Amino acid sequence: IRILVLSDTCNQWPYAPVTHVTPPPNIDVFIHCGNLTQMGGLSAFHTALENVRAIPADLRLVIAGNQDLDLDEAWVIKSSIARGLEDDILEELGTSMQCQNLFASAKENGVHYLREGVHEFELPSPSSGYRRKKTLKVYASPYTPAHNGYAFTYGTDEDRFNLPPSTPSNTSASTINLNSPNEPIPDNMDIVITHGPPKFDTLYYRLDMNAAGQHGGCQNLRKAVMRVKPKLHCFGHVREGRGAVEFEWA
């Protein structure tokens, strides 16, 4: 499967959908790991989705990031109160709902907006004279550790991705409710898509390192990824850490 991964385009786009001066590569799956926009906004989201729709692929997957503000209702409410705009909350939520509806309707044009949780997709797979389907199991989460009051965040002490230590020993991550939010990443996922990076304590891992040399990844996300052992974990958020690392799971 040929996969193209982008993240943190923030109102920019590396491919020209009209002129095709820089055409995208030939791919089967396109994944965007969040921060389609600089700070949200219906117009910016509309442009971003048009850009995604123009990518030729059998499957296009998109999640939100911490700067896609209007897609996080909880952030909209909290932000309105913090700014003393309690009387405007309904209007702010109306804008948020417009943005969310825009993403929901994008599915009609072949763009899947993934909320936090598990999703399954079927890809056509050519094989000796006939075509069969390949199923992809995908876990997605737009959440990152709290930082500077942005959207889709969790506390530094919160483990969003693993079963709690008090969980009975006969319970596994493969038996959880896949339709329930805030559940740990289940086992047997093919692809994990998160906006934020994991933190690995190895010398050669720098995908969560900023320009100041500081690691911004999540230890609990690392634990989950090491448990799940996906074929691919893609993420963004720390732009100076862009790149790829190949792991061999034990």
Side-chain angles (χ1 to χ4, degrees), residues 5-12 31-41 44-45 48 61-79 82 96 99-100 103 112-119 138-164 180-186 189 191-202 205-228 230 232-245:
V5 179
L6 293 183
S7 189
D8 296 85
T9 45
C10 299
N11 295 345
Q12 304 296 317
I31 299 173
H32 195 290
C33 299
N35 281 2
L36 283 154
T37 65
Q38 187 67 28
M39 296 294 267
F45 283 133
L61 307 178
V62 171
I63 69 169
N66 63 310
Q67 292 179 218
D68 296 319
L69 304 177
D70 299 289
L71 297 178
D72 185 355
E73 287 186 29
W75 179 89
V76 170
I77 295 173
K78 183 178 180 180
S79 174
S96 174
C99 294
Q100 293 181 68
F103 274 79
H112 298 267
Y113 172 56
L114 308 185
R115 297 181 180 273
E116 186 173 57
V118 175
H119 309 265
V138 178
Y139 175 87
S141 176
Y143 288 88
T144 55
H147 179 68
N148 288 344
Y150 283 99
F152 294 108
T153 59
Y154 54 88
T156 54
D157 295 330
E158 178 183 349
D159 188 348
R160 200 174 186 91
F161 307 108
N162 298 284
L163 290 167
S180 178
N182 305 334
E183 292 283 9
I185 304 177
M189 293 293 102
I191 299 175
V192 172
I193 306 170
T194 57
H195 179 58
K199 180 180 180 181
F200 283 90
D201 297 319
T202 58
Y205 178 81
R206 296 175 177 271
L207 301 184
D208 68 336
M209 187 177 289
N210 62 20
Q214 301 167 327
H215 289 278
C218 176
Q219 297 271 15
N220 290 320
L221 180 55
R222 181 204 71 211
K223 293 178 186 177
V225 171
M226 291 182 69
R227 167 177 54 81
V228 175
L232 174 68
H233 178 203
C234 48
F235 48 84
H237 192 50
V238 182
R239 296 159 202 178
E240 300 93 334
R242 62 188 179 273
V245 171

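Nothing here was measured: the structure is a model prediction, and the numbers come from that model.
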Taking every heavy atom of Gly236 against every heavy atom of Cys33, the minimum-distance pair comes out as N-CB, 4.1 Å

task = Any chance you could lay out the side-chain contact (heavy atoms from CB on, under 4.5 Å) test for Tyr150 and Asp72, step after step, and finish with the verdict?
result = CA-CA 10 Å; Tyr150 283 99; Asp72 185 355; over 6 Å; no

Rounded to the nearest 0.5 Å, the CZ atom of Arg115 sits from the CD1 atom of Ile63 at a distance of 13.0 Å

The reported gap from NE2 in His233 to CE in Met189 (rounded to nearest 0.5 angstrom) is 13.0 Å

Open item on the list: Whether the side chain of Asp68 engages the backbone of Gly65 through a donor-acceptor N/O pair (distance < 3.5 Å, no angle test) should be reported.
Closed with: yes

So, for Tyr143 and Phe161, is the gap between ring centers shorter than 6.0 Å?
-> no

With sequence neighbours left out, the residues meeting salt bridge (Lys or Arg N to Asp or Glu O under 4.0 Å) with Asp159 are none

Correct closest heavy-atom pair for Leu69 and Met39 would be CD1-O, 3.7 Å

Heavy-atom nearest pair, Cys234 first then Ile31, reads SG-CG2, 3.8 Å

Nearest heavy-atom contact between Pro186 and Arg227 is C-NH1, 4.2 Å

Any non-hydrogen side-chain atom of Ile185 less than 4.5 Å from a side-chain atom of Leu221?
yes

Of Gln67, His147, His195, the one forming a side-chain hydrogen bond (donor to acceptor under 3.5 Å, both in side chains) with His237 is His195

CZ of Phe45 to CG of Leu36, rounded to nearest 0.5 Å, is 7.5 Å

- request: Mind running side-chain contact (heavy atoms from CB on, under 4.5 Å) on Asn220 and Arg160 for me, showing each step along the way?
  value: CA-CA 8 Å; Asn220 290 320; Arg160 200 174 186 91; over 6 Å; no

Taking Asp70's backbone N and O only, do any of them form a donor-acceptor pair with Ser96's side chain (distance below 3.5 Å, no angle check)?
yes

Does Tyr113 form a side-chain contact (heavy atoms from CB on, under 4.5 Å) with His32? I'd like the steps, not just the answer. CA-CA 10 Å; Tyr113 172 56; His32 195 290; over 6 Å; no

message = Let's go through Val192 and Leu232 carefully: what are the C-alpha distance in whole Å and the side-chain angles of both, what is the deciding distance for side-chain contact (heavy atoms from CB on, under 4.5 Å) to 0.1 Å, and is it a yes or a no?
response = CA-CA 6 Å; Val192 172; Leu232 174 68; over 6 Å; no

Here the gap from Cys218 atom SG to Phe235 atom CZ, rounded to the nearest 0.5 Å, amounts to 11.5 Å

Heavy-atom nearest pair, Thr153 first then Ala146, reads CB-CA, 3.6 Å

Do His119 and Tyr139 come within less than 4.5 Å of each other through their side chains, counting heavy atoms only? no

So the salt bridge (charged side-chain N to carboxylate O under 4.0 Å, His left out) pairs with at least one residue in residues 209-224 (sequence neighbours excluded) are Asp201-Arg222

Donor-acceptor pair, distance only, cut-off 3.5 Å: does the side chain of Asn35 make one with the backbone of Asn66? yes

Correct closest heavy-atom pair for Pro142 and Ala64 would be CB-O, 3.2 Å

Interatomic distance, NE2@His112 vs CZ@Phe103, rounded to 0.5 Å, equals 14.0 Å

